[in-house]
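Please read the structure below before turning to the comments.
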Amino acid sequence: MGKNIVIVESPAKAKTIEKFLGKDYHVVSSFGHIRDLKKKDISIDFNNNYAPIYEVPTDKKKLVSELKKKASEAEMVWLASDEDREGEAIAWHLFEVLSLTEDKTKRIVFHEITKDAIINAIQTPRKIDKALVDAQQARRVLDRIVGFELSPILWKKIKPSLSAGRVQSVAVRLIVEREREITTFKSEANYRITAVFITKDTQGKTVELQAELPKRFKTKEEANRFLEVCKDAQFNIEDISKKPSKKSPAAPFTTSTLQQEAARKLGYSVAQTMMVAQKLYENGLITYMRTDSVNLSALAINTAKAEIIHFAGEQYVKTRQYATKSKGAQEAHEAIRPTYMNQHTIEGNRQEKFLYELIWKRTIASQMADAEIEKTTVTIGISTSEERFIASGEVLTFDGFLKVYMESNDDEDTTEDTKMLPPLHVHDTLQYKKILSTERFTQRPPRYTEASLVRKLEELGIGRPSTYAPTISTIQNREYVEKGDKEGEKRTYNLLTLEKGTITDIIKEEIVGTEKSKLFPTDIGSVVTDFLLANFASVVDYNFTAKVEKEFDIVASGKLEWQKAIDKFYKGFHTLVEDSLQNSTKKVGERLLGNDPTTGKPISVKIGRYGAIAQIGLTTEEEKPQFAALKKEQSIETITLEEALELFKLPRTVGEFEEKEVTIAVGRFGPYVKHASAFYSIPKEIDPLKITLSQAIDLIEKKREDDKNKVLKTFAEDASIQLLNGRYGAYIKQNKNNYKIPKSKKAEELTYEDCLEIIKSEASDGDKPKKKKGFKKK
DNA sequence: CAGTGAGCGAGCTTCCGCTTGACTT
């Protein structure tokens, strides 16, 4: 046992550091926070100056007692958690929980995992920065107050189990508001003029030259008039200008930029990227993957430089230090980079390989020379008009960093292809081949992707690298937001073509607005957002986090007690909470559509216990209202009275089969046929409003046939046990429970006794909860 | 997988930020 124990946050980090420090130092990990506000209740003592009620969570108890034992045996305890607000708090909680004393505790910090940095840290220890810890306590307490006072209001007023919070509610608001911008967006047409000219190259061969009019016309008439003017015009080159320009590489990856690029270039979801990166980190291939810093260590820059010289040459090197631009960055770590710059590729699965290569390229490119480009602009005069055509071309004169990496962007139509121009001279005259006027439309704003939402949140300073991925899944798990595709819509546009002196006028068709894997708000998301905006505007304000962060900074500087900061916020906030509870309207988000033409009763839509529903009539003593669930593609905001009435055409009876009624209805999982208390799903191709009795009977008979094939084996001894064929292969079913068959056994050969054995053994170790973490019931 | 939505009432849900496992039905 060493004389020194060093505690860091991550076990992978512990392993690396131990190698640098030698045998006198034993490096262990706290696995993040070891103590937090009690899980249950708000756990803040409002009568005692907001005293937090902390506890060691059950899954950390064992770890904490081990750490306590090791700390008591060591001569010196080095608290080496990250140098940011959370890291300082972890150090303080360790100090408290492990009952450390000041004389045998030292606080050290380093931003990079290099031997120099760590030795240097050991030589310059300090004390725990209590003001910084207090800033963290303020942050923690504020988030708990917001989350645990707002969520119950939503349970009462909208639906149970909903949630609200400083981060997630703003994320949902962004998506809801973007959707509304899209629905209210009116696109405007304009007319873009492009021309194809004919000229000769050095060998006298005919080549084409593409040019565009910088001006766009507002109306078709104007565009047409311009083409008329071009009919008999002379075109001649007035000017050719060449301008050198440069392109610089992007900064090395942070968590957020890695998520964006992996989504764009590799198509990974935010969660996927983090899982793969974690794996690379654990295998020692990359530095820490949750960081907001673009900083590279001196070691990294030097080895990158050596590597660039090795594979490309000295002229490709340009070392750079990047400065972070994002709000609220705490920069406790390095940027995400390969551990070894000379390792261009790695062993691993496809996903790991691709992500590693992306990180390698981005890091290396960041230390490479600018790309040099020569831009040529050709101005083409028109004898009959004041307007001028512009042709532009680009030649890459030095590739620089582009040799390895090009950052991509989110723009949906990247039609701007840069090309080389044929040889041209001033005063050359040109012949037009054709001149086109194309009707173009202004574009609506795009829906967010997971990654572009992360970028927006980071821009607003909301959320941290460790929470981007979990936040994205929370808002989807709560059903505030759905990831989905949208088919494009057909749109017609006008195309005028001037060719050989005549203008033709045609209408063409295009598909626009196709979207894949975008975030769409649900009805619940919209209703919750509206409610929060109406009652807690200050909390869902895009600047709320930035404002409270300023307060936390004052706390961290030691100029303000954290409880005072909280008190300032809580007084106003809690008044809003009480006001909104007092407000008698029980349900929010209800919309009246009109009256039922046959009965005259009011028809409305609202959020029910299981999602959006339409309702005919009111709840009175005499009678119950009628309900119908909205279809997936319908929404409370846009459904019309006619569409709502359609929903009440189900359930309906289509006839009889085997002397029992056959009815059609729609439930949680879509439309179904009900017959003799059994259910049969109706496939998408069949319209439940039009399904006939014979079609329904077909469905019933097909399902019966399938069920027959599903049973592999039954036992005479016990009818409750069956061997069934399922989605994941054969399994045993007893009553309502399923049991998997061990891989060593063949399903067809199992005897009754074998089955009993399997059930018994699985039931015994199935005691612990089988629920998956972070994934809530459907 | 399960096919609901009144009203009653018990008992549950919920935040953000640090970390990594144990699970795959």
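Letters A, B, ... are given to chains in the order of the sequence lines, protein chains preceding strands, and every chain is numbered from 1.
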Name the one of A:Arg464, A:Gln330, A:Arg139 that satisfies side chain to side chain donor-acceptor pair (under 3.5 Å) with A:Glu86? A:Arg139
Reckon [X] touches a base, only the sugar-phosphate, or nothing at all at heavy-atom distances under 4.0 Å?
{"X": "A:Ser10", "value": "sugar-phosphate"}
{"X": "A:Leu162", "value": "sugar-phosphate"}
{"X": "A:Glu149", "value": "nothing"}
{"X": "A:Gly611", "value": "base"}
{"X": "A:Gly87", "value": "nothing"}
{"X": "A:Ser151", "value": "base"}
{"X": "A:Ala628", "value": "nothing"}
{"X": "A:Arg144", "value": "base"}
{"X": "A:Val146", "value": "nothing"}
{"X": "A:Gly165", "value": "sugar-phosphate"}
{"X": "A:Tyr281", "value": "sugar-phosphate"}
{"X": "A:Gln168", "value": "sugar-phosphate"}

Could you check whether A:Phe148 and the base of B:dC15 form a stacked pair, meaning centres closer than 5.5 Å and planes differing by less than 30°?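 Stack criterion not met.
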Is the aromatic ring centre of A:Phe31 closer than 5.5 Å to the centre of the six-membered base ring of B:dT20, with the two planes inclined by less than 30°? no
Using modelled atom types only, decide if a donor and an acceptor are shared between the side chain of [X] and the backbone of [Y] within a distance under 3.5 Å.
{"X": "A:Gln476", "Y": "A:Val481", "answer": "no"}
{"X": "A:Gln615", "Y": "A:Pro625", "answer": "no"}
{"X": "A:Arg478", "Y": "A:Gln168", "answer": "no"}
{"X": "A:Ser293", "Y": "A:His333", "answer": "yes"}

Rounded to whole angstroms, how far apart are [atom1] on [X] and [atom2] on [N]?
{"X": "A:Ile90", "N": "B:dT20", "atom1": "CD1", "atom2": "C1'", "value": "13 Å"}
{"X": "A:Met275", "N": "B:dG21", "atom1": "CE", "atom2": "P", "value": "14 Å"}
{"X": "A:Asp36", "N": "B:dT14", "atom1": "CG", "atom2": "C1'", "value": "14 Å"}
{"X": "A:Asp59", "N": "B:dG17", "atom1": "CG", "atom2": "P", "value": "19 Å"}
{"X": "A:Lys38", "N": "B:dT14", "atom1": "NZ", "atom2": "P", "value": "17 Å"}
{"X": "A:His33", "N": "B:dC18", "atom1": "NE2", "atom2": "P", "value": "7 Å"}
{"X": "A:Glu590", "N": "B:dG5", "atom1": "CD", "atom2": "C1'", "value": "13 Å"}
{"X": "A:Leu154", "N": "B:dT13", "atom1": "CG", "atom2": "P", "value": "16 Å"}

Looking only at side chains, do A:Ser538 and A:Asp541 share a donor and an acceptor under 3.5 Å apart?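 No, no side-chain donor-acceptor contact under 3.5 Å.
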Counting only distance, no hydrogens or angles, is the base of B:dC18 paired donor-acceptor with the side chain of A:Arg290 under 3.5 Å? no
Might you point out which heavy atoms bring A:Val109 and A:Ser81 nearest each other, and give the distance in Å? CG1-O, 4.2 Å
Considering all heavy atoms of both residues, which atom of A:Val170 and which atom of A:Val540 are nearest to each other, and what is their separation? CG2-O, 4.0 Å
Start at the 5' end of DNA chain B and walk down; is the nucleotide closest to A:Glu282 or to A:Gln330 reached first?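 Here A:Gln330 is the residue nearer the 5' end.
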5' precedence on DNA chain B between A:Arg464 and A:Ile42 (nearest-nucleotide basis): A:Ile42
Side chain of [X] (C-beta onward), nearest among [options]:
{"X": "A:Ser161", "options": "B:dT20, B:dT13, B:dG17", "value": "B:dT13"}
{"X": "A:Ser466", "options": "B:dG21, B:dT14, B:dC18", "value": "B:dC18"}
{"X": "A:Pro11", "options": "B:dT20, B:dC16, B:dC18", "value": "B:dT20"}
{"X": "A:Tyr672", "options": "B:dT20, B:dC15, B:dG3", "value": "B:dG3"}
{"X": "A:Pro152", "options": "B:dT14, B:dT19, B:dC16", "value": "B:dT14"}
{"X": "A:Arg166", "options": "B:dT14, B:dT19, B:dC16", "value": "B:dC16"}

Think [X] has a side-chain N or O under 4.0 angstrom from the OP1 or OP2 of [N]?
{"X": "A:Gln136", "N": "B:dG17", "value": "no"}
{"X": "A:Thr467", "N": "B:dG17", "value": "yes"}
{"X": "A:Tyr468", "N": "B:dG17", "value": "no"}

